[in-house]
Amino acid sequence: MRRMIWMLAGGACAGLALGHWGQLAGAQPEGLESGTILEAHSAGLDAIMPDDRDAGLRRALMLMGPRLARLQQDFQYLPDAPDLPPVLPELVWNALMSPMSLSLGIDVPANGPPQPRVQFVAGGDDGATSAQSLNAMAERFVGMMMGGGDLPPQGEMGLRTISMPNGALHFGLGAVDGRERFVVSFGRFDGTEPEAIRANLDDGLTPVAGARLDLAPISGMLGAQIASMPDGEAVAGLLETFGLIGEDPISIECGAAFDGTRAHVSTRMANAMRIAGAMGIDDDISFDPASARSIPADVSSAAGGVVSVDWILPLIDRLRTQDPGIPDIRAEIQTQIGIDIKTQLLDPLGTDWTVHLSSSTGGGLLSTVFTMELDDPGVFADTHAQLVGMANGILGEMAEGWVQVRQWTTPGGDTCASLIAPGLPIPVEPVWGIKDDRLVVAASRQALIETFELIGGGDGSLAEHPRVRAILQDDPASLLGFSFADSQWMIRKGYPTAMLGATALGGMVRDRENPEADAGVIMPPMQSLLADAQPTLSQWRRQGADMVMHTEAEASWVSNIAVAVGASSGYTGLYMPAMLAGILLPALGQARENAEQIQAATQTRMIAQAVIDFSIDGDMPESLQQLVDEQRIGFDTLQSPRGPSFDGGPDFAFRFDRNWMFDSDLVVGVERCALVNGEEFIHVAFGDGRVEALYFDNAWELIAEQGLIETFGLE
C-alpha cells in the first residue's frame, strides 16, 4: 500500500514533497507560513502547439505515452531493475500533455504541525488525454499495486481516498470549477483550479502555459536551517542580502501565449531589484541605447545589458570579516604584480556591455565580439600596457616564445593586441583593444576590425533595426538589457541537425506491433519555416521592485527548435550528444539510477560478508575501519555511489554489539547515506548476509523497532 501511495503521488509530480514531509511535519519546524510554493499550468498540447507546422511534432508527443508504457519491457537489460507497472509512465506523460495544473503548498494551522497541500488536476473533454482515460489508467495502476484487490470506495466529490499518516490522498474524477477532471490531491482541496498565470503578458493575450515559484512560505525555515550549519550564519546573511531568503524573498512567475503569428513568453521576478541593488545596479543605472551602435546590423545573434563590478571587493571584505582564512585578493594582487585591482582595473569599467556574433565574419564562434563600456579609458589603457609587458615576460620564461601577446594595427590606425602561438596551427586568435570609450574583445581580427569601424562612426548598426530601435527607445530609463536573434539565419544553420533529431524522435515512437503508431512527417520543409520568419527578441526591464522580461519568438515549435540548434552551430560536437541524450533520457536516466542502486547494494553485501568472515572465530570487528586495516575490504567500499551523507557521517553503518551471524531477522547494517539523504530505496543488511532494498518508511520503521537509531548514528 505504501508503494502505491508514493508512486501515485510521484505520478502527480509531487512525490518528492510528500516523501519527506513526514519528517518535516513531525519536527514542527519554525519559520513556515501558509501559502503556495509551486504552481504550474498548461492548456494542453493542442493549445501550446497551435501552429500547423507543428502537427507532426504533436502526433509524436501523443504517441510518446504508449511508447513509454513499453519502454521498460523493451529494455529489460539491467539486473534488479524495479518492476514498474507499464501504465504508470503512460499515465504521467498523458496527464502532462493534457490541460493540467499543479499546485504545491503548505498549510500552517494555529495549533498542530504544518500540512502539505498538493493538487494535480488534468484531462481535457475528449481524446487520449480525457479525464476519463486518465482516471481509467490511474485505477488500473492502483489495482495492480493492490494485487487486484478492491479499489478504495468513492467518497466526497467522487474521489477515492487513501489514508496517510499526515492526511489523506484523493484521486479520481472530480468536479473542478463545474467540469469533470482527473484529480490527485493531498490535503485541502476545494474543487477549484488556480487561475492561469499571466506574469506580465499583455491583456489581449490568453495564457496557455505558466509557472510560479515562491519560497516565501518556507523562506524562514530555510534560513534557520542554513544558519544552524557550520559557518551557516555567514551564508544565511549572504543569501538574505541577495533576496533568496528572509523577508520578501524573490519569487518568479512565467506565462506564455500566442497571438496567431508569434509566441510570447513573459517572466516576472518579484523583488529582483534587491539582487540588482546588491550587485551595484542602482535605480539610476540603465542600458544606454548608444551602446548598441557597437553591434553590426548583419549579426546572427546579439545581446546587451548592464552589469556592475563595484560589489565584488566589498563582498570579499565582508566574507573576510566572517572568515579570516579568506585571502585579501586586492593586497595579494598588489604585492604580486604591482596593480591596484580596484583603482586600476575595476573603477575604470562602466556598466554597459554587449556581445554579438556577426554574420559577415561567419556567424559562428569565431565571429564572437564582446564590448564593455569604460568610464576612464586612459587609466584602463595604462593598466593594460603594464599587464601586457608583464604577461610577455612570464610567457617568455614559461613558453619560450611559443605563446606571446603581440600588438598590431587595424586599417583605421588603432592599436590592438592578440594572444598568439607563432608557428603553431592554433585555429583561434583572441584579440582585444580600446576604441573610444569601449573595450572590445573578439575571437578573430576580422570581427574586431568590423566592430571598431562601427564604434568609430560607421553605418549599419543593429540599433537602426526597426524592432530593436523600438525596444531601445521605449522608456530607456527602465531598460536593463535586450537580445536579438536572426531567426532566418538560425533556421538555415540549425535545420539539418533539427531534422536528425526529428527523425530520431519519429523512430522512437514507432511500435513494432502497431503500424498505426507513426508520427509521419515531423519537420516541415525548411522554406515553410523561413517564410515570414521574424527575429527572436527579448527585453528585460526594471518595473518598481521587480524585473520583467518579455520574449517574442516564432509561433512554431519546430522553428524555434531549429533556431536554438542554429544558435549552437559554433559548438558542433557538443549539441549533438546533448540532443541524443535528451531523446534517450527516459532510458538513460533510469539506467544510471539503477546502476547506482546496484553498486550500493553490492557494497552493502560486501561489508556484511566481510563481517561474517571476520566473526567466524567468534569475535566481531571493532569498526568498519578495522576491516579496511586488515584488508578484508577496500576503503572505496565504504564510499557509497549515493553519498556522501548530508550530516557528514559515514555512508554505511553496521552493528558490532553481538555476534549476529545467520540471524535472518536481525538488521545488522544499513546504507546510512541513503537514509540520511532521504533516498526512496534504502539498502538494509540482515544477519544471514542478504541485502534488501526497502522503501524509506519501511527501512526506518524496521531500524526503529530493533532499537538501532542510536547505533547507526541516526538521532
Side-chain angles (χ1 to χ4, degrees), residues 13 33-43 47-48 100-106 193-219 222 239-259 262-287 303-308 467-468 470-485 536-553 555 560:
C13 303
E33 300 177 1
S34 296
T36 299
I37 300 169
L38 175 66
E39 199 174 303
H41 300 264
S42 170
I48 62 178
M100 53 77 65
S101 69
L102 168 68
S103 177
L104 187 153
I106 179 174
E193 192 170 10
E195 293 183 3
I197 297 172
R198 299 196 60 86
N200 210 51
L201 291 171
D202 294 340
D203 292 338
L205 298 174
T206 301
V208 297
R212 178 185 293 116
L213 176 66
D214 184 2
L215 297 181
I218 59 175
S219 175
L222 291 176
L239 294 178
E240 187 170 357
T241 298
F242 286 97
L244 301 179
I245 61 175
E247 296 184 4
D248 298 324
I250 291 173
S251 63
I252 303 174
E253 62 180 22
C254 180
F258 296 90
D259 64 5
R262 302 284 283 168
H264 299 265
V265 179
S266 185
T267 303
R268 174 183 291 274
M269 296 179 62
N271 301 315
M273 296 313 299
R274 180 176 174 184
I275 287 184
M279 298 184 68
I281 307 299
D282 299 327
D283 292 342
D284 59 346
I285 294 178
S286 59
F287 182 74
V306 294
V307 67
S308 174
R467 305 291 294 275
V468 176
I471 291 175
L472 298 176
Q473 294 179 355
D474 180 18
D475 190 15
S478 70
L479 184 64
L480 296 175
F482 79 99
S483 68
F484 171 96
T536 300
L537 296 165
S538 295
Q539 55 181 306
W540 46 100
R541 295 180 178 275
R542 176 190 295 108
Q543 196 172 92
D546 303 342
M547 182 185 297
V548 296
M549 183 174 73
H550 185 87
T551 298
E552 179 184 329
N560 290 318

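These numbers come from a predicted model, not from an experiment. Computed from heavy atoms alone, side chains included, the values below leave out hydrogens, waters and symmetry copies.
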Hey, are the side chains of Leu472 and Leu479 touching, using non-hydrogen atoms and a 4.5 Å cut-off?
yes
Would you please name every residue forming a salt bridge (charged side-chain N to carboxylate O under 4.0 Å, His left out) with Arg467, sequence neighbours left out?
Glu552
Taking only residues two or more places apart in sequence, or in another chain, which ones meet Asp546 in a salt bridge (charged side-chain N to carboxylate O under 4.0 Å, His left out)?
Arg268
The criterion is side-chain hydrogen bond (donor to acceptor under 3.5 Å, both in side chains); which residues satisfy it with [X], sequence neighbours excluded?
X	answer
His550	His264
Ser266	none
Thr206	none
Thr267	none

Report the distance from atom [atom1] of [X] to atom [atom2] of [Y], rounding to the nearest 0.5 Å.
X	Y	atom1	atom2	result
Leu222	Leu244	CG	CG	10.5 Å
Glu240	Glu247	CD	CD	7.5 Å
Ser483	Met549	OG	CE	7.5 Å
Met100	Leu102	CE	CG	5.5 Å

Shortest non-hydrogen contact between [X] and [Y], atoms and distance:
X	Y	answer
Pro194	Glu39	CB-OE2, 3.4 Å
Ser219	Gly246	OG-N, 2.8 Å
Trp540	Phe482	CH2-O, 3.4 Å
Ile471	Ser538	CD1-O, 4.5 Å
Phe258	Ile48	CZ-O, 3.4 Å
Arg262	Asp259	N-OD1, 2.7 Å

Any donor-acceptor N/O pair, Asp202 side chain to Leu205 backbone, under 3.5 Å
no
Given 3.5 Å as the limit, does a donor-acceptor pair link the side chain of Asn271 with the main chain of Asp248, or not?
yes
Ile281 vs Arg542, side-chain contact (heavy atoms from CB on, under 4.5 Å): CA-CA, chis, key distance, verdict
CA-CA 11 Å; Ile281 307 299; Arg542 176 190 295 108; 4.2 Å; yes
Using the test side chain to side chain contact (heavy atoms under 4.5 Å, CB included), find all partners of [X] that sit at least two apart in sequence or belong to another chain.
X	answer
Ala470	none
Ala196	Pro207
Leu215	Ile37, Leu213, Ile218
Ala477	Asp475

Distance-only donor-acceptor pairs under 3.5 Å for side chains of residues 249-257, two or more places apart:
{"residue": "Glu253", "atom": "OE1", "partner": "Arg212", "partner atom": "NE", "Å": "2.9"}
{"residue": "Glu253", "atom": "OE1", "partner": "Arg212", "partner atom": "NH2", "Å": "3.2"}

Apply the side chain to side chain donor-acceptor pair (under 3.5 Å) test between Ser101 and each candidate in Glu193, His41, Glu195; give the one that qualifies.
Glu193
Got a sec, which pairs hit salt bridge (Lys or Arg N to Asp or Glu O under 4.0 Å) with one end in residues 269-286, sequence neighbours left out?
none
